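Bear in mind the structure is a predicted one, so any value in this text is a computation, not a measurement.
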Amino acid sequence: MSSNPVAETVASLMPGAQAELTELVAFKSVADFDQYPRSESEGAANWVADALRAEGFQDVALLDTPDGTQSVYGFLPGPEGAKTVLLYAHYDVQPPLDEAAWTTPPFELTERDGRWYGRGAADCKGGFIMHLLALRALKANGGVPVGVKVIVEGSEEQGTGGLERYAEEHPELLTADTIVIGDVGNFRLGLPTVTSTLRGMTLVRVQIDTLEGNLHSGQFGGAAPDALGALIRVLDSLRAEDGSTTIDGLTGDARWEGLQYEEEAFRKDAKVLDGVELIGSGTVADRIWARPAVTVLGIDCPPVVGATPSVQADARALVSLRVPPGVDAVEATKLLQAHLEARTPWGARVSTEQIGQGQPFRADTSSPAYTAMAEAMAVAYPGEEMQSAGQGGSIPLCNTLASLYPHAEILLIGLSEPQAQIHAVNESVSPDELERLSVTEALFLQKYAAS
């Protein structure tokens, strides 16, 4: 990185940032209180609030959101007449999955091979540390030139919409001229990237019942309708032969124009086993950024170990649908539910329940804020130009903010480049990426304030 006072300050702050991220990662802040104690999330929320107070933020508050979790808010006033920028991150994390599969404990930040490993290191506790570093660097180099609001969500990974609903009920709270969402990542490590689109999502639980109770498969199998078999038929109907998502009435042929994702690079990033084909048609970018994608997240049925020779009376599954930009998530949910109900065989009883939903998002990349971000990235990443990419994941809050504040510019950056392996075992963050993006954000705030 070229010599720059902001960059030099951020570099000097990195050891402290590692110590702080270690403390924050230690909280098992999974916002599913059937799995992890509520006290772990509350502890993380209080840590974030204390960090904001230590930076001079005013009106720091733990917001009790309608889904039973807490988001953390704070405001740092800027110079008279200055613009206001909202910085977003979330402190809740995905469950660690199989803790035994981690090389080091998931809730202990561990340095290894030039990266820092731990659940939430990149997604998105590291994003909050990035915001702190940027603000500290500005304070050490002339001050923060804009008013800053920070909102750190407590249930983003659950998709339960607590912060969205809270924002809708308190629309004045998060008003800003520009919003920086620190919850995505560069397309490739070291390649500065803004995310210009997000797929939305919907979660639907499907339940199938066929019998009053399980039956002996030898005595009744062959005529008695098997609920698990019916469910398998239904779930299989959601995909074409090539693996493309096929939901009655939902189009799936959109194309992605712009930065492309080479197939071999995707296979490597996704760790696809040798000889296993990718699914779907079109370019990889078409499939993961511009088209719907269905995933069966879980099935309730007997496990193999301990299974008995029975015809199953009931079975259920949780189905996720990623909704591309240009498609309304509410309408997509209705189509998914109608498909599941229509494709259930043998007259089996079927019920569907929507349990989570978020709209897709498309940013305005021609705005002054994007120009300022491109200039900042050119300094933080010498020799590289800012790229604009899509994101297959969802951040439902983006559309809520876009609806509430239609004149605000929204930019998405972050630490979740492919090597971070967010949501998987051995999640990690690159400290170099954390350093460069902290510099980027600080320079962006300077350049945006002057625009």
Side-chain angles (χ1 to χ4, degrees), residues 1 88-89 114-116 121-124 126-127 130 180-201 254-272 278 280 282-291 293 322 324-325 360-367 369-395 398 409-424 426-441 443-444:
M1 197 181 306
Y88 167 90
R115 298 184 68 94
W116 300 343
D123 182 26
C124 179
M130 176 184 74
V180 178
I181 305 289
D183 190 27
V184 289
N186 287 340
F187 178 71
R188 182 80 53 224
L189 183 67
L191 182 65
T193 310
V194 292
T195 298
S196 57
T197 67
L198 296 167
R199 288 193 295 196
M201 57 82 70
R255 305 299 297 266
W256 175 264
E257 303 295 338
L259 182 68
Q260 292 296 313
Y261 204 152
E262 295 301 324
E263 185 167 321
E264 284 307 309
F266 178 83
R267 292 184 66 89
K268 181 179 179 181
D269 291 340
K271 294 181 170 55
V272 179
L278 301 186
T283 68
V284 170
D286 292 340
R287 287 176 254 182
I288 65 173
W289 296 338
R291 297 180 179 178
R322 297 292 178 169
F361 169 79
R362 189 188 303 276
D364 175 12
T365 57
S366 65
S367 69
Y370 271 82
T371 299
M373 183 62 75
E375 293 173 351
M377 285 183 162
V379 176
Y381 292 84
E384 299 286 355
E385 291 187 4
M386 184 181 78
Q387 302 293 318
S388 179
Q391 171 65 260
S394 306
I395 305 176
C398 277
E409 302 174 69
I410 301 179
L411 300 97
L412 296 101
I413 61 173
L415 302 166
S416 299
E417 40 76 28
Q419 293 182 39
Q421 294 193 166
I422 64 169
H423 295 200
N426 294 318
E427 177 184 346
S428 67
V429 67
S430 162
D432 290 340
E433 201 84 307
L434 173 58
E435 183 176 342
R436 290 179 185 273
L437 282 168
S438 299
V439 173
T440 294
E441 185 165 275
L443 294 177
F444 161 74

Given E409 and D364, is the side-chain contact (heavy atoms from CB on, under 4.5 Å) satisfied, shown in steps?
CA-CA 7 Å; E409 302 174 69; D364 175 12; over 6 Å; no
State, yes or no, whether a side-chain contact exists between T440 and P192 at a heavy-atom distance under 4.5 Å.
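T440 vs P192: side chains apart.
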Would you call P382 and R436 a side-chain contact if the rule is heavy atoms closer than 4.5 Å?
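P382 vs R436: side chains touch.
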When you measure from the side chain of [X] to the backbone N and O of [Y], does any donor-acceptor pair fall under 3.5 Å?
| X | Y | value |
| --- | --- | --- |
| Q260 | W256 | yes |
| D269 | F266 | no |
| Y381 | A376 | no |
| R291 | A254 | yes |

V439 and V379: side-chain contact (heavy atoms from CB on, under 4.5 Å), yes or no, with the steps?
CA-CA 9 Å; V439 173; V379 176; 5.5 Å; no
Pairing residues for F361 by the ring pair (Phe, Tyr, Trp, His ring centres under 6.0 Å) criterion, not counting sequence neighbours:
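Checked F361 against ring pair (Phe, Tyr, Trp, His ring centres under 6.0 Å); zero matches.
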Among residues at least two apart in sequence or on other chains, which ones pass side chain to side chain donor-acceptor pair (under 3.5 Å) with [X]?
| X | result |
| --- | --- |
| R322 | S394 |
| T365 | none |
| D123 | H90, H423 |

Taking all atoms of both residues into account, what is the closest heavy-atom pair of [X] and [Y], and its distance?
| X | Y | value |
| --- | --- | --- |
| I181 | C398 | CG1-SG, 4.0 Å |
| S428 | Q419 | OG-O, 3.7 Å |
| R188 | P418 | NH1-CG, 3.7 Å |

Got a sec, which residues hit side chain to side chain contact (heavy atoms under 4.5 Å, CB included) with Q391, two or more places apart in sequence or on another chain?
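Partners of Q391 under the side chain to side chain contact (heavy atoms under 4.5 Å, CB included) test: V184, T195, L198.
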Who are the side chain to side chain contact (heavy atoms under 4.5 Å, CB included) partners of T193, not counting sequence neighbours?
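Per chain and number, T193 pairs via side chain to side chain contact (heavy atoms under 4.5 Å, CB included) with N186, F187, L191, Q387, A389.
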For the residue pair W289 and Y261, categorise the inter-ring angle as parallel (less than 30°), tilted (30 to 60°) or perpendicular (more than 60°).
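It falls in the tilted class, 30° to 60°.
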Out of curiosity, E433 CD to E417 CD, how far, rounded to the nearest 0.5 Å?
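The CD atom of E417 is 5.5 Å from CD of E433, to the nearest 0.5 Å.
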More than 12 heavy atoms of other residues, nucleotides or ligands under 6.0 Å from CD of E262: is that the case?
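Incorrect, the count does not exceed 12.
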